[in-house]
Amino acid sequence: MADPAEHPTDLPSCPSAQGAGLLPAELRGWMLLLAATGAVEQRLRSVVKERLDVSHDEFLILCLLAEQPREGLRMTRIAELLGRPKTRLTYQIACLQHAGLVTRKSVCGDKRGVEVALTDKARRMLREASGTLAETVTGALAHVMGPEQCAAMSGLIPKTDRATATASTPEPTPEPEPEPHSRHSAVSD
């Protein structure tokens with residue numbers, strides 16, 4: 001299996017983006033999104049484990065909760081949004097709670113309802129890791145998608161277009177600094 005950290009420079013464009021096959025544009029677009037999602041998830045797994053010490057699935061829960069108000073979300077809603085069975089989610093939430101990253105509380109008026117929210121510790125960890133995580137996402141997308149696809153994706157994910165530009169264009173050489181004026185030059189007051 002190829003090392004996911006390798007970045008071959010002669011990488012051909014994604015076959016689903018070329019448009020010469022049998023699939024209609026909608027399915028080609030869907031396949032490109034799947035390839036991009038797979039690339040992002042593959043690269044995020046190691047970064048998430050290293051920076052946050054949680055599994056990828058637990059990270060998805062943290063991300064979902066990070067976009068919610070401090071009250072959090074009901075576990076049934078988290079399961080729906082992530083497409084996870086409730087039993088699996090219960091285990092993952094228990095692991096996150098044990099790590100001090102989420103709180104669980106009963107929903108007022110509903111004996112079976114449980115609400116989950118991020119702790120301050122989790123918010124701090126996500127803030128500290130956000131730069132690295134964002135770079136990982138944009139790098140993975142630029143690796144899989146061409147400039148046109150990244151430009152289209154930039155409406156959903158900010159900075160995607162810049163990652164492609166950076167990956168495909170060499171950095172400009174800085175202009176030479178003008179020589180400073182000598183102290184002996186005439187200065188008018």
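- For residues 64-73, every residue pair satisfying the salt bridge (Lys or Arg N to Asp or Glu O under 4.0 Å) rule, not counting sequence neighbours, is listed here: R70-D120.
- Cluster annotation: V107 and L65 are assigned to distinct hydrophobic clusters (Ile/Leu/Val/Met/Phe/Trp/Tyr, side-chain heavy-atom contacts under 4.5 Å, transitive).
- Note: the hydrophobic cluster containing M145 also contains W30 (ILVMFWY, side chain heavy atoms under 4.5 Å, direct or indirect links).
- Residues passing the salt bridge (charged side-chain N to carboxylate O under 4.0 Å, His left out) test with R84 are D57, sequence neighbours excluded.
- Residues passing the side chain to side chain donor-acceptor pair (under 3.5 Å) test with T76, sequence neighbours excluded: none.
- Here the CG atom belonging to L64 is positioned 11.5 Å from the CZ atom belonging to F59, to the nearest 0.5 angstrom.
- Under the salt bridge (charged side-chain N to carboxylate O under 4.0 Å, His left out) criterion, E58 pairs with no residue, sequence neighbours left out.
- Applying the side chain to side chain contact (heavy atoms under 4.5 Å, CB included) test to T132 and every residue at least two apart in sequence or in another chain returns V47, R51, T136.
- The two residues V48 and S55 come nearest to each other via the heavy atoms CG1-O, 4.0 Å.
- Residues in residues 94-109 take part in these salt bridge (Lys or Arg N to Asp or Glu O under 4.0 Å) pairs, two or more places apart or across chains: K105-E115.
- The salt bridge (charged side-chain N to carboxylate O under 4.0 Å, His left out) check on E80 picks up R77, with sequence neighbours excluded.
- Separation of atoms CD1 (I61) and CD1 (I93) is listed at 4.5 Å; rounding is to 0.5 Å.
- Between the R45 side chain and the H56 main chain, no donor and acceptor come within less than 3.5 Å of each other.
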Residues 34-41, side-chain donor-acceptor partners within the protein, below 3.5 Å, at least two apart:
{"unit_1": "T37", "atom_1": "OG1", "unit_2": "L33", "atom_2": "O", "d": "2.8"}

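- Taking the side chain to side chain contact (heavy atoms under 4.5 Å, CB included) definition, one finds that A66 meets it with L118, L126, sequence neighbours left out.
- A search for salt bridge (charged side-chain N to carboxylate O under 4.0 Å, His left out) contacts involving R74 returns D110, not counting sequence neighbours.
- Screening L73, I78, L89 for a side-chain contact (heavy atoms from CB on, under 4.5 Å) involving V116 leaves a single residue, I78.
- In this structure M125 satisfies the side chain to side chain contact (heavy atoms under 4.5 Å, CB included) test together with L52, L101, K121, sequence neighbours excluded.
- Note on residues 135-145: no pairs pass salt bridge (Lys or Arg N to Asp or Glu O under 4.0 Å), not counting sequence neighbours.
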